[in-house]
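As the structure is a computational prediction, the values presented were derived from the model and not from experiment. First listed ligand is number 1; within each ligand, the first listed atom is number 1.
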Amino acid sequence: MVDRDGPTPIFQQIRSQLECAIGSGELRLHQRIPSERELSVRYGVSRMTVRQALDALTQDGRLYSLPGKGTFVADRKIIEQPLRNLTSFTQDMERRGLRPSSKTLSARVMGATLEVARLLNIPTLSEIVQMTRLRLADGEPLAIEAVHLPSALVPGLLDHDLGKGSLYVVLRDTYGIELARASQTIEAAEPNKEEVSLLALDGPSPILRISRITFDAHDRVVEYARSVYRGDRYQLTVELS
Ligand code: 16G
C-alpha cells in the first residue's frame with residue numbers, strides 16, 4: 001500500500017491514495033473517512049504521518065473536520081476560506097488546485113471620492129487607480145472585486161495585464177510593496193441585477209460583501225477593495241481560542 005523505499009514521502013502517498021478514492025467516488029461527498037487510528041493501522045504507519053496527509057488534504061479543501069465527529073469529504077463546490085492569513089485570490093485558488101482567471105470590467109485612473117480618500121488616508125481628489133475584475137475559478141465566476149489604490153504608490157499600474165495575473169504579485173515584484181496586514185468586514189446581502197448576471201447566479205441567492213483595507217509593512221494603506229462573493233460557493237471560517 002505504501003512504498004517505504006521510494007522517493008515519495010509516505011504522507012504524500014497516503015494523500016494521493018485518498019485523493020484517488022475521493023476522485024473515483026469510492027469516498028462520497030460528506031462521507032466520514034476512517035479515523036486516524038484506523039488509517040494508521042491500514043497503512044502500517046504512525047498516526048502522525050496519517051495526520052500530515054489529512055492536514056494537507058484539508059488545506060487543499062478536499063476534507064473538512066467537525067470537532068468530536070470526524071473528518072469528512074468536502075464538497076469542492078464550497079470554497080472554505082480560513083480567515084487567518086493575508087492571501088490573494090490567485091493564491092487561494094491555486095492552493096485548492098483551482099485555476100484562477102479574471103476578466104477586467106473596468107480600469108482607470110481617477111480622483112478619489114471623499115469616502116475612498118478617507119479609507120486610503122489620502123487627500124480628497126488625489127489620484128487613484130480603480131479597477132474592477134470578475135474573478136473566476138476553473139472558468140466559473142466566483143467574485144467581483146473592485147480595488148482602489150493610491151496612484152502615488154503604484155505609478156503605471158494599469159500598464160500591467162491584471163486581467164491575467166495577480167495584483168499582489170505585481171505589488172510585490174514591481175513596486176516592492178510588502179503587504180503586512182488587512183482589516184476586513186463581511187456582510188450578507190442581496191445581489192443587484194448586474195451582480196446576478198456577472199456571477200451567473202440562479203436567481204436571487206445571497207452574496208457576501210467583503211471590504212478590505214490592506215496595509216504595507218510601513219503601515220501605509222495600499223488598497224481598499226470591495227468584493228462581492230457568491231454566497232453559495234464561499235464559506236469563511238475563523239479559528240477562535
Ligand atoms: C483578494 C482580496 C482583494 C485583493 C485580491 C488580489 C478578499 C476579500 N480580497 O481577493 O482585496 O485585491 O485578493 O488578488 O480576499 P490577486 O493578487 O489574485 O489579483
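Within the structure, the salt bridge (charged side-chain N to carboxylate O under 4.0 Å, His left out) test picks out no pair touching residues 97-108 (sequence neighbours left out).
Of the charged side-chain nitrogens involved, at least one lies within less than 4.0 Å of a carboxylate oxygen, so that E140 and R233 count as a salt-bridged pair.
The one candidate from E38, R37, R32 that meets the side-chain hydrogen bond (donor to acceptor under 3.5 Å, both in side chains) condition with S35 is E38.
Between F89 and L142 there is a side-chain heavy-atom pair separated by less than 4.5 Å.
Looking at every heavy atom in both residues, A180 comes nearest to L86 through C-CD2, 3.9 Å.
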Distances for all N or O pairs of ligand 1 and the protein under 3.5 Å?
{"from": "ligand 1", "atom 1": "9 (N)", "to": "E145", "atom 2": "OE2", "distance (Å)": "3.4"}
{"from": "ligand 1", "atom 1": "10 (O)", "to": "E145", "atom 2": "OE1", "distance (Å)": "3.4"}
{"from": "ligand 1", "atom 1": "10 (O)", "to": "E145", "atom 2": "OE2", "distance (Å)": "2.3"}
{"from": "ligand 1", "atom 1": "10 (O)", "to": "Y229", "atom 2": "OH", "distance (Å)": "3.2"}
{"from": "ligand 1", "atom 1": "11 (O)", "to": "E223", "atom 2": "OE1", "distance (Å)": "3.2"}
{"from": "ligand 1", "atom 1": "11 (O)", "to": "E223", "atom 2": "OE2", "distance (Å)": "3.2"}
{"from": "ligand 1", "atom 1": "12 (O)", "to": "E223", "atom 2": "OE2", "distance (Å)": "2.4"}
{"from": "ligand 1", "atom 1": "13 (O)", "to": "F89", "atom 2": "N", "distance (Å)": "3.0"}
{"from": "ligand 1", "atom 1": "14 (O)", "to": "F89", "atom 2": "N", "distance (Å)": "3.4"}
{"from": "ligand 1", "atom 1": "14 (O)", "to": "R135", "atom 2": "NH1", "distance (Å)": "3.2"}
{"from": "ligand 1", "atom 1": "15 (O)", "to": "R212", "atom 2": "NH2", "distance (Å)": "2.8"}
{"from": "ligand 1", "atom 1": "17 (O)", "to": "S166", "atom 2": "OG", "distance (Å)": "2.5"}
{"from": "ligand 1", "atom 1": "17 (O)", "to": "L167", "atom 2": "N", "distance (Å)": "3.1"}
{"from": "ligand 1", "atom 1": "17 (O)", "to": "Y168", "atom 2": "N", "distance (Å)": "3.0"}
{"from": "ligand 1", "atom 1": "18 (O)", "to": "T90", "atom 2": "N", "distance (Å)": "2.9"}
{"from": "ligand 1", "atom 1": "18 (O)", "to": "T90", "atom 2": "OG1", "distance (Å)": "2.3"}
{"from": "ligand 1", "atom 1": "18 (O)", "to": "R135", "atom 2": "NH2", "distance (Å)": "3.0"}
{"from": "ligand 1", "atom 1": "19 (O)", "to": "R133", "atom 2": "NH1", "distance (Å)": "3.2"}
{"from": "ligand 1", "atom 1": "19 (O)", "to": "R133", "atom 2": "NH2", "distance (Å)": "2.9"}
{"from": "ligand 1", "atom 1": "19 (O)", "to": "R135", "atom 2": "NH1", "distance (Å)": "3.3"}
{"from": "ligand 1", "atom 1": "19 (O)", "to": "R135", "atom 2": "NH2", "distance (Å)": "3.4"}
{"from": "ligand 1", "atom 1": "19 (O)", "to": "L167", "atom 2": "N", "distance (Å)": "2.7"}

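Other residues, nucleotides and ligands contribute over 12 non-hydrogen atoms within 6.0 Å of the CG atom of L66.
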